[in-house]
Structures are given as C-alpha cells and as structure tokens.
Amino acid sequence: MNDTPHLPPALATGIGSLPGTDAREAAKAATGSFEDFPHLPELPARGPGADMIGRTAGLLVELYARVEPSGWRIGDRPGRDTRRARSWLGEDLDALEEFTQGYEGLLKVQAVGPWTLAAALELKNGEAALSDPGACRDLAASLAEGLRQHLEEVRRRVPGARLVLQLDEPSLTAVLRGQVRTASGYRTHRAVDRQTVEATLRDVVGVHDGGPVVVHSCAPDVPFALLRRAGVAGISFDFSLLTERDDEVIGEAVEGGTRLFAGVVPGTDAPLSDPAGSVMGVRTLWRRLGLRPGLLPEVVTVTPACGLAGASPGYARSAYAHCVRAARSLADNPE
C-alpha cells in the first residue's frame, strides 16, 4: 500500500528564488501569479544568508554556520550570518502573511535537502560535511527539527493553507555517484550508499507529518525511483534534461501516483514560445508512454526549469504568467 501523502492537482507554481531584494514585491508576484499554488519566495540577491545554503543553515537547530571565503562553515555558536539569515526569512514570512490573508489552498515552502546541504556545508577542517557520516547524521537531524519548527511557524501565519514542503537537492546525483569535489579540488568524496541516502531522505520527508513533500533538482539524471521509495509525493525537474532512457521511471512514477513538476520554462531570460509550444514535449512524452491524455492535468504541474534568481525582474514576471498559461493549455487540450 502506498502511504505517501497525496498531492492534489495544481496547474502551475514557481520553484522558489526570484530576482531583486524586495520581499513584498516578491510575495506579491508569487501569490498574484499562482492563485492556486503560491510559494514562499527566496531572494538570494540580498547576499549571504539569503542564498539557498545560508537560508537553510539559518533553520538548523543547535548547529550554526558562518560565511568563510570558501563558503558556509559549521561553527559552535550563532553569529552575525545566522542572525542575518533568520532576519531575512522573517521578513519574507511577514510579506507572505500580508498577501495570504484568508487564503485556503496549497502553499509551498522550500529548503535545501540533507544531501545537498552536506555537500555544501564545510566542517572545521574545511572539508564538506559529506566526508563524515556522523556529521551527515547530525546535520540531517538538525535540519529535520528546524523544518518542523519552520512548518509550524508558516501554519501559524497562514492557518488556512495546506503546506507543501519542497526539498532542493541539486547535488543529490553527484552525492550518489561520488562526484562531489574535496576542498583541494583534486579528488572527489566517496559515493554515499544509496540505502543511506534513501533512509536519510525518508527521515527528513517524515517531518512534514501527513503533508506532501516534493524534491526539486535541476541536475541531469534525477533518481526518480529512489525518491519515490523515500516517500516523496512529487518530483520537480528540468524537463529539457530528460532523455528517452528516463521513460520507464517516469511511467512508473505516474502509475505510482507521483506528481511531476515539469520545468518547461527557462530559468533565465529567453524568448518564450506560445504556451502550447512550451508543453508540447510533455504531450509527446505522454504519447510515447501510452498514458491517458486526461491524466495530464492531474499529474503534471508546470514550473520554470529552475529558480529565477538569475533572471531579470520583468522576465521573472513573464515566466510565471507563461507557466500559468502553459498549464491551462495542457488542461484544456491534453491531446
């Protein structure tokens, strides 16, 4: 029996990051564009602590991180960088709360997943936490508790919302394949056992008790089967990176009830085709898999290919509107 929390149909949403530094403008864009599935925006242009690693490091419980020239490093006590990360997250939550008064529906919040965090955060010796199995366990436990508290805070601020937790795992495939470089850059860290990766993800996914969790990766070769076994309700990916060898795992995911977040709109400024053209590849995949066209709007949520931090503000707004129109095209004409 599949006890993974169900994720109801939702036509379109964003990935997380947006350009600019104004929390109110970002919240207005995310809630105004996606009336049925808004998300909590992230604004990395504000600097260290607003980037995805620093923002998630600010959520950790009894573990702290500070900025070093080489990146984020785990330290003994909260410092200026932790305070800054928490302050910006508070600002983002204030803005979201303002624009979701009375909202009832899906609402997505994002954080970096345990394996990308372990690949990015340094220990005191300068090596990634990934190099130390004990550090990986401590980091995952701290993240799980931090996420539990964060979800409670968002529930308090937007009590009518049904929360969806997105874990960003762009380094997951590199962790599984032993492709994460050491501090020297000359070697790579040993591949982590797949069962360990899966078990850790399952533990972190479990903090959203009864709620759906989506894992996002805009890297090639997303491990669909492993993620499904870990209990995720949806998988978010860059659709342009799929190849025909992914057909089988995609078909199994659809048949198993996994929701697909298809990143079909470029994440940086690019000419946008007509909305129907943007989802043509999704329709082609469906035909190739022999799946019922009517399933499309029930199974596929349209998104940008990745976060929009590197886009211009005007393009980001256009990309969000384009996602909504492309999703509507898919729903209206699934064939």
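When side chains are defined from C-beta on, Asp81 counts as touching Trp72, because their heavy atoms get closer than 4.5 Å.
Annotation: Glu252, atom CD; neighbour count of heavy atoms from other residues, nucleotides and ligands within 6.0 Å is above 12. Arg80 CZ: 12 or fewer foreign heavy atoms inside a 6.0 Å radius.
Among Thr182, Leu121, Leu123, Val180, the single residue meeting the side chain to side chain contact (heavy atoms under 4.5 Å, CB included) criterion with Leu130 is Val180.
Ion pair Arg66/Glu68 flagged as a salt bridge, since at least one NZ, NE, NH1 or NH2 atom sits closer than 4.0 Å to an Asp/Glu carboxylate oxygen. Electrostatic pairing of Arg155 and Glu152 does not count as a salt bridge here, judged by no charged N lying under 4.0 Å from a carboxylate O. With salt bridges taken as basic N to acidic carboxylate O contacts below 4.0 Å, none links Asp94 and Arg24. Here Asp132 does not pair with Arg137 in a salt bridge; the nearest charged N to carboxylate O distance is not below 4.0 Å.
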Requested in this report: Please assess Glu198 against Gln195 for the test side-chain contact (heavy atoms from CB on, under 4.5 Å), listing each intermediate value before the final yes or no.
Outcome: CA-CA 5 Å; Glu198 184 185 320; Gln195 288 180 311; 5.5 Å; no

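Across Pro212 and Arg162, no two heavy atoms sit closer than the pair CD-NH2, 3.7 Å. Residues His322 and Asp274 share a closest heavy-atom pair of CE1-C, 3.9 Å.
In this pair, Tyr320 and His39 present their aromatic rings perpendicular. The plane angle is above 60°, beyond the 30 to 60° band.
Annotation: salt bridge (charged side-chain N to carboxylate O under 4.0 Å, His left out) contacts of Arg287 (sequence neighbours excluded): none.
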